[in-house]
Amino acid sequence: MGPEISFENLSESDLYVDCVYKGGNKGNAGDDPLHLLMECDVSGGFRKRRREDNPDKLAYVILYTSMTELEWPDYLDEETGIFRYYGDNRTPGKALTDTKRKGNRILENVFTILNSKNDLDEIPPFFIFKKTGHGRDVKFLGLAAPGNPSVSPDNDLVAFWRTLKGDRFQNYEAYFTILDTGAKPIPHEWLNELITDHKKAMENAPSVWKKFIQEGREGIKPLKAPKQFAIPDKFEQLQSDEEGRTCLDIIRKHYEPFPQGFEACATNIVQKINHNFTDFNLTRPWRDGGRDAIGRYIIDSGKVNQSLKMECALEAKCYSENNSVGVKEMSRLISRIRYRQFGILVTTSYVNKQAYEEVVEDEHPILIVTAADIAAALRKSSIYSGNVIEWLSEIDANNKMWTYSTIL
């Protein structure tokens with residue numbers, strides 16, 4: 001377990017990355033630790049603190065998330081430092097920025113300043129906190145700046161449509177970067193200065209925040225934390241941005257009348273993930289499942305010598321996000337991998353823990369591709385909700401298996 005700060009010591013505590021700040025135990029709103037630690041409101045995903053030297057402007061903003069909601073999949077990529085956060089217009093009936101805490105309006109203003117490259121010192125620092133799941137306890141994920149050098153200005157703040165119970169409404173999807181503040185904590189004194197003396201706060205800011213204020217997006221130094229492999233949970237295997245979720249839903253619905261049609265789509269996806277996959281041929285469907293296609297992976301040494309061609313067997317499962325690939329399906333694929341072959345499991349859902357552990361612990365040569373991978377591959381290939389149907393139709397037109405459906 002990482003470091004913890006008790007509820008009684010919050011009001012003067014410094015901010016340590018990945019430190020847990022304990023909530024109270026009285027059973028009411030007063031147990032909220034962020035109220036004491038950051039002098040902010042006791043609820044909500046957006047919590048702001050205004051400057052005393054200029055009440056019209058923000059001293060800093062707290063972004064609070066559980067990071068477990070598939071409907072609003074806030075997500076921190078610890079290896080890149082990129083943090084995706086969803087705005088606060090989450091129910092129909094209001095305009096995009098007409099929210100109680102004005103979170104979406106804050107996003108609009110901040111990203112407008114960022115992309116104009118003027119008055120960058122008017123951008124408030126963002127402090128990211130995550131719910132731990134234990135009472136009111138929260139974990140500090142880091143100091144964040146809006147944007148990222150690898151995310152274009154056209155994509156760092158995107159408004160999208162969502163339908164809930166037949167009603168349409170818009171919300172924002174925003175991208176931030178957790179900054180590398182080094183081994184030292186963020187002093188509580190700096191938080192006080194941000195509130196009372198903006199000029200002094202800029203002089204005493206962490207060096208990474210100063211660099212961001214001076215250079216904007218290109219001055220961002222992310223906190224990158226390469227991690228050891230662990231079995232990804234359901235949320236990690238399903239998580240994607242809003243466009244990815246929409247595309248996945250379209251794919252599932254498209255192949256619902258004939259799930260075997262997804263087999264050709266899966267081979268196309270794998271080739272988008274890695275262009276060294278080639279020569280896929282769909283196999284006659286097994287009565288009880290098994291491998292759906294046979295292909296090759298080519299390793300080329302250069303221009304002169306012969307390439308190494310490794311055969312692979314692919315199985316495709318077009319499942320809803322709540323229907324996982326289990327031990328039964330995985331075992332069938334494993335049992336049908338021939339000598340010198342490796343397997344590929346492609347699913348629009350996720351692989352449950354027991355099946356995943358079997359692959360890892362027994363070192364079976366299986367490449368697992370889940371919903372998150374599919375969404376990333378489509379985005380990389382410029383496939384989005386506006387053209388995904390066209391892409392699927394082209395696959396279907398080239399897939400002779402569709403004509404085979406009449407004799408299954």
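Taking 4.5 Å as the limit, some side-chain heavy atom of Tyr297 sits within range of a side-chain heavy atom of Asn274. For the pair Ile251 and Leu392, the minimum side-chain heavy-atom distance is below 4.5 Å. With a 4.5 Å cut-off on side-chain heavy atoms, Thr348 and Phe262 count as touching. No side-chain heavy atom of Arg162 sits under 4.5 Å from any side-chain heavy atom of Gln170. A heavy-atom distance below 4.5 Å is found between the side chains of Phe140 and Ile186. A 4.5 Å side-chain heavy-atom check between Tyr350 and Gln239 finds every atom pair outside the cut-off. Considering only heavy atoms from C-beta on, Phe169 stays 4.5 Å or farther from Lys94 through its side chain. The side-chain heavy atoms of Glu358 and Ile334, taken from C-beta on, include a pair separated by under 4.5 Å.
The pair Lys317-Glu315 meets the salt-bridge criterion, with a side-chain N (NZ, NE, NH1 or NH2) lying under 4.0 Å from an Asp/Glu carboxylate O. A salt bridge is absent between Arg296 and Glu311; no separation between the charged side-chain nitrogens and carboxylate oxygens falls under 4.0 Å. The residues Lys57 and Glu122 are annotated as salt-bridged, a charged nitrogen and a carboxylate oxygen being separated by less than 4.0 angstrom.
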- Item | Check against side-chain hydrogen bond (donor to acceptor under 3.5 Å, both in side chains), Asn171 and Asn104 | CA-CA 8 Å; Asn171 198 13; Asn104 279 354; 3.2 Å; yes
- Query: Under the side-chain contact (heavy atoms from CB on, under 4.5 Å) criterion, do Phe111 and Ile123 qualify, and how do the steps go?
  - Reply: CA-CA 9 Å; Phe111 281 91; Ile123 294 178; over 6 Å; no
- Would you please test Arg336 and Ser331 for side-chain hydrogen bond (donor to acceptor under 3.5 Å, both in side chains) and show each step? CA-CA 9 Å; Arg336 287 179 171 138; Ser331 296; over 6 Å; no
- Message: Quick one, Thr347 with Ser349, criterion side-chain hydrogen bond (donor to acceptor under 3.5 Å, both in side chains). Give me CA distance, side-chain angles, the key distance, then yes/no.
- Response: CA-CA 5 Å; Thr347 178; Ser349 182; 4.8 Å; no
- Does the pair Met310 and Ile299 meet the rule for a side-chain contact (heavy atoms from CB on, under 4.5 Å), with working shown? CA-CA 8 Å; Met310 302 176 63; Ile299 303 175; 4.0 Å; yes
- Walk me through it: do Ser150 and Asn148 pass the test side-chain hydrogen bond (donor to acceptor under 3.5 Å, both in side chains)? CA-CA 5 Å; Ser150 65; Asn148 183 274; 2.6 Å; yes
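Side-chain N or O atoms of Ser381 include none that pairs as donor or acceptor with a backbone N or O of Leu378 at under 3.5 Å. Looking only at distances, a side-chain donor or acceptor of Thr246 sits under 3.5 Å from a matching main-chain atom of Glu242. A side-chain donor-acceptor contact under 3.5 Å links Glu236 to the backbone of Asp233. Judged by distance alone, with hydrogens and angles left aside, the side-chain atoms of Arg47 form a donor-acceptor pair with the main-chain N or O of Asp41 at under 3.5 Å. Formation of a donor-acceptor pair under 3.5 Å by the His188 side chain with backbone atoms of Ser11 is found in this model. Between the side chain of Asn109 and the backbone N or O of Ile106, no donor-acceptor pair lies under 3.5 Å. Thr177 places no side-chain N or O within 3.5 Å of a backbone atom of Leu179 that could act as its donor or acceptor partner. With hydrogens and angles ignored, the 3.5 Å screen pairs a side-chain donor or acceptor of Glu329 with a backbone N or O of Gly326. Panel note: side chain Asp74, backbone Tyr86; a donor-acceptor pair is recorded below 3.5 Å. Of the possible donor and acceptor atoms, none in the side chain of His198 sits under 3.5 Å from a partner among the backbone N and O of Leu194.
Closest approach of Val138 and Pro33 over heavy atoms only: CG2-CG, 3.9 Å. Closest approach of Ala293 and Thr267 over heavy atoms only: CB-CG2, 3.8 Å. Here the shortest heavy-atom pairing between Glu321 and Arg245 reads OE1-NH1, 3.9 Å. Across all their heavy atoms, Asn118 and Ile113 have their closest contact at O-CG2, 3.2 Å. The minimum heavy-atom distance linking Trp190 with Pro125 is given by the pair CH2-CG, 3.8 Å. Taking both residues in full, the closest heavy atoms of Asp32 and Phe7 are given as O-CE1, 4.1 Å, listed atom of the first, atom of the second, then distance.
The ring-ring contact (aromatic ring centres under 6.0 Å, His included) test applied to Tyr172 returns no partner, not counting sequence neighbours. By the salt bridge (Lys or Arg N to Asp or Glu O under 4.0 Å) test, Lys22 pairs with Asp137, sequence neighbours left out. Listed by chain and number, the residues in a side-chain hydrogen bond (donor to acceptor under 3.5 Å, both in side chains) with Gln354 amount to none (sequence neighbours excluded). Annotation: ring-ring contact (aromatic ring centres under 6.0 Å, His included) contacts of Tyr356 (sequence neighbours excluded): none. In terms of the ring-ring contact (aromatic ring centres under 6.0 Å, His included) criterion, residue partners of Phe126 (sequence neighbours excluded) are, by chain and number, Phe176. Lys253 is linked by a salt bridge (Lys or Arg N to Asp or Glu O under 4.0 Å) to nothing, counting only residues two or more places apart in sequence or in another chain. Here Asp167 pairs with Pro92 under the side-chain contact (heavy atoms from CB on, under 4.5 Å) rule; sequence neighbours left out. In this structure Tyr60 satisfies the ring-ring contact (aromatic ring centres under 6.0 Å, His included) test together with Phe127, sequence neighbours excluded.
Applying the 6.0 Å contact sphere to NE2 of His35 captures no more than 12 heavy atoms from other residues, nucleotides or ligands. Counting non-hydrogen atoms of other residues, nucleotides and ligands closer than 6.0 Å to NZ of Lys102 gives a total above 12. For Lys234, the NZ atom is densely surrounded, since the number of other residues' heavy atoms within 6.0 Å is greater than 12. Shown here is Glu394, whose CD atom has no more than 12 heavy atoms of other residues, nucleotides or ligands within 6.0 Å.
Outside the 6.0 Å centre-distance limit, the rings of Tyr64 and Phe129 are not counted as a close aromatic pair.
Rounded to the nearest 0.5 Å, atoms CG (Leu34) and CD (Glu39) are 12.5 Å apart.
The ring pair (Phe, Tyr, Trp, His ring centres under 6.0 Å) pairs that include a residue from residues 299-337 number zero, where partners must be two or more places apart or lie in different chains. For residues 76-91, the set of pairs meeting the salt bridge (charged side-chain N to carboxylate O under 4.0 Å, His left out) definition, not counting sequence neighbours, comprises Glu69-Arg90.
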Give every donor-acceptor pair under 3.5 Å between a side-chain atom in residues 153-161 and any protein atom, sequence neighbours left out.
| unit_1 | atom_1 | unit_2 | atom_2 | d |
| --- | --- | --- | --- | --- |
| Asn155 | ND2 | Ser152 | OG | 3.1 |
| Asp156 | OD2 | Arg217 | NH1 | 3.0 |
| Asp156 | OD2 | Arg217 | NH2 | 2.8 |

What donor-acceptor contacts under 3.5 angstrom involve side-chain atoms of residues 361-373, with partners at least two apart or in another chain?
| unit_1 | atom_1 | unit_2 | atom_2 | d |
| --- | --- | --- | --- | --- |
| Thr370 | OG1 | Gln237 | O | 3.1 |
| Asp373 | OD2 | Thr370 | N | 2.9 |

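In this model, a donor atom of one side chain and an acceptor atom of the other lie less than 3.5 Å apart for Ser6 and Asn9.
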